[in-house]
Amino acid sequence: MTDTRNFFTDCIMTWDRVKNSRAMPWKGEKDPYRIWLSEIILQQTRVEQGWPYYERFIAAYPTVTHLAAATDEEVFRLWQGLGYYARCKNMLAAARTIAGTHKGRFPQTYEGIAALKGVGAYTAAAIASFAFNLPHAVLDGNVYRVLARYFGIDTPTDTTAGKKLFTQLAGEVLHLRQPGIYNQAIMDFGAVVCKPQQPLCQGCPLAARCQAFQQGLTDLVPVKSKKLVIRKRYFNYLLLRKKGLLFIRKRTEKDIWENLHEFVLIETPAPAADEIVLQSPLFQRLMGRHAYKITAPAVEIKQQLTHQTIHARFLQLSVPAAFNMPEGYLQVTEEQLKNYAFPKIIVDYLQR
DNA sequence: AAAGCGGGGTT
DNA sequence: AACCCAGCTTT
């Protein structure tokens with residue numbers, strides 16, 4: 001067994017040295033701030049998608065002190081389009097903790113790093129190993145897959161038992177002298193060779209001892225227990241325009257797109273025609289006795305999220321000068337929209 | 001332990 | 001349409 005584990009580690013290190021040509025701007029980086037930033041951006045995000053965001057963030061905020069000093073709105077705007085916006089909120093909190101409590105000096109221990117908002121076991125191990133060469137094994141989607149296949153493990157990865165088992169195993173195959181290089185290597189290997197679909201088993205250096213390959217199970221591991229449930233939602237957005245000004249608000253509910261902005265939203269349980277939306281109690285209460293006029297035909301846009309399908313319908317209305325919006329809404333010009341972060345579906349609508 | 005959170009690429 | 005991505009926090 002030890003032999004099998006050593007073979008695994010050696011193969012990964014050799015593959016990295018000889019075959020790995022995956023270049024990334026944060027690779028070999030030693031500045032913990034830059035490593036941390038890249039890791040937050042890359043959580044559940046493909047390297048290709050996160051790359052340009054990383055470049056823009058580094059350009060805008062060269063140090064953690066710069067990031068900590070920025071306004072929430074500015075940072076969210078830079079994060080716009082990347083998704084999982086809680087990452088942005090936690091990143092800002094962590095930056096301010098480092099700049100304040102830690103006086104601008106990045107924590108140097110695994111525990112100190114892991115205590116930061118938005119930093120879990122994976123991210124802490126990544127930063128600790130890349131920046132400080134500490135022997136902590138990363139366990140991300142790539143590592144789960146490579147280990148599950150090589151060792152032929154069918155324990156679901158999204159369970160407590162699975163996490164415990166894979167965490168243990170990941171630690172056992174970690175290269176203790178070069179944990180940073182090894183961690184990079186196994187993730188690259190998972191992304192380039194041991195891919196989720198159609199892995200490159202022909203010519204894979206692990207193939208001779210890979211349990212999944214030997215048993216023809218590469219398509220069956222890793223195993224996940226939960227199956228995704230996708231719900232449909234119908235968002236009716238009203239662009240209320242008063243003397244050229246638009247009403248927007250920040251989403252504060254525990255829901256998708258928290259901390260992003262939107263127009264007046266009437267959510268309905270099913271697709272709704274103009275009249276249905278305009279006769280809804282919510283809209284009626286909003287308008288009171290004020291008159292209004294539809295100024296543009298409705299535009300429909302669909303967006304597929306991981307757990308929800310959003311059917312959005314945008315309707316433009318003009319309202320009289322005497323109309324006043326309730327608390328929480330901002331009045332902005334179209335020009336000022338660029339100062340706020342919006343969900344992609346709204347960006348798409350505005351750019352259509 | 002389970003639920004919830006974006007947007008995009010691949011097949 | 002299904003699955004996955006350098007996962008984490010909240011319930």
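Since we're looking at a predicted model, the values are computed, not measured.
- No N or O donor and acceptor, one from the side chain of A:T45 and one from the base of B:dG8, sit under 3.5 Å apart.
- Among the atoms of the strands shown, none is found under 4.0 Å from any heavy atom of A:M91.
- Heavy atoms of A:D188 sit under 4.0 angstrom from at least one base atom.
- Comparing A:Q197 and A:K254 by the nucleotide of DNA chain B that holds the closest heavy atom to each, the one mapping nearer the 5' end is A:K254.
- Map A:Q304 and A:A121 each onto its nearest nucleotide of DNA chain C; the residue landing nearer the 5' end is A:Q304.
- Proximity note for A:V47 (side chain, C-beta onward) versus C:dG7, C:dA6, C:dT9: the nearest is C:dA6.
- For A:R145 and C:dC5, the shortest distance from a side-chain N or O to OP1 or OP2 is below 4.0 Å.
- Counting any heavy atom pair closer than 4.0 Å across all strands shown, A:L82 reaches a base atom.
- Using the six-membered ring where Trp is involved, A:Y340 and A:F342 have ring planes that are perpendicular, over 60° apart on the 30 and 60° scheme.
- Donor-acceptor pairing under 3.5 Å, judged by distance alone, is present between the side chain of A:T306 and the base of B:dG7.
- Summarising the geometry, the separation between CD1 on A:I113 and P on C:dC8 is reported as 13 Å, rounded to the nearest angstrom.
- For the pair A:L260 and A:T159, both in contact range of DNA chain B, the more 5′-proximal nearest nucleotide belongs to A:T159.
- A donor-acceptor contact under 3.5 Å is formed by the side chain of A:Q49 with the base of B:dG7.
- Using a 4.0 Å heavy-atom criterion, one finds that A:W36 contacts no nucleic acid atom at all.
- One can place CG of A:L305 at 9 Å from C1' of B:dC5, the figure rounded to the nearest angstrom.
- A residue-by-residue look at A:E48 and A:L116 shows that A:E48 has its nearest nucleotide of DNA chain C further toward the 5' end.
- Rounded to whole Å, atom C1' of B:dC5 lies 13 Å from atom CH2 of A:W79.
- Rounded to whole Å, atom P of C:dC4 lies 19 Å from atom CE of A:M187.
- The base of C:dC4 is paired with the side chain of A:R46 by a donor and an acceptor separated by under 3.5 Å.
- The listed nucleotides are C:dA6, C:dC8, B:dG8; the one nearest the side chain of A:K344 is B:dG8.
- A:K27 contributes no side-chain N or O that, together with a main-chain N or O of A:Q184, makes up a donor-acceptor pair within less than 3.5 Å.
- Within 4.0 Å of A:V143, counting heavy atoms only, lies no atom of the nucleic acid at all.
- Donor-acceptor pairing under 3.5 Å, judged by distance alone, is absent between the side chain of A:T123 and the base of C:dG7.
- Across all strands shown, A:G50 has no heavy atoms under 4.0 Å from either base or sugar-phosphate atoms.
- Taking the ring axis of A:Y349 as reference, the NZ or CZ atom of A:R352 stays within 45° of it and closer than 6.0 Å to the ring centre.
- Atom-to-atom, NZ of A:K89 to C1' of C:dT10 comes out at 11 Å; the value is rounded to the nearest Å.
- Side-chain atoms of A:R22 lie closest to C:dA6 of the nucleotides B:dG7, C:dC4, C:dA6.
- Using a cutoff of 4.0 Å between basic side-chain nitrogens and carboxylate oxygens, A:D188 and A:K19 are not scored as salt-bridged.
- Picking from B:dG7, C:dA6, C:dT10 the nucleotide with the shortest atom distance to the side chain of A:Y122 gives C:dA6.
- Between the base of C:dA6 and the side chain of A:Q44 there is no donor-acceptor pair shorter than 3.5 Å.
- Taking atom P on both C:dC8 and B:dG8, the two are 22 Å apart, rounded to the nearest angstrom.
- Annotation: A:F283 is in aromatic contact with A:Y292 [ring centroid separation under 6.0 Å].
- No contact: A:D158 has no heavy atom under 4.0 Å from any strand.
- Following rounding to the nearest Å, A:N142 (CG) and C:dC5 (P) show an atom-to-atom distance of 6 Å.
- Residues A:Y122 and A:E39 bring a donor and an acceptor atom of their side chains to less than 3.5 Å of each other.
- In this structure, OH of A:Y85 is placed 16 Å from C1' of B:dG4, rounded to the nearest angstrom.
- With respect to A:D274 and A:R313, a salt bridge is recorded, a charged nitrogen being found less than 4.0 Å from a carboxylate O.
- Looking at the side chain of A:K226, the nearest of the listed nucleotides B:dA2, C:dA6, B:dC5 is B:dA2.
- Ring geometry for A:F235 versus A:W257: interplanar angle over 60°, hence perpendicular rather than tilted (30 to 60°).
- A:R251 has its CZ atom 13 Å from the C1' atom of B:dG4, to the nearest Å.
- For A:Q308 and B:dC5, the shortest distance from a side-chain N or O to OP1 or OP2 is below 4.0 Å.
- Considering only side-chain atoms of A:Y84, the nucleotide from B:dC5, C:dC4, C:dT9 that sits closest is B:dC5.
- Taking atom P in both C:dA6 and B:dA3, the straight-line distance is 25 Å, to the nearest Å.
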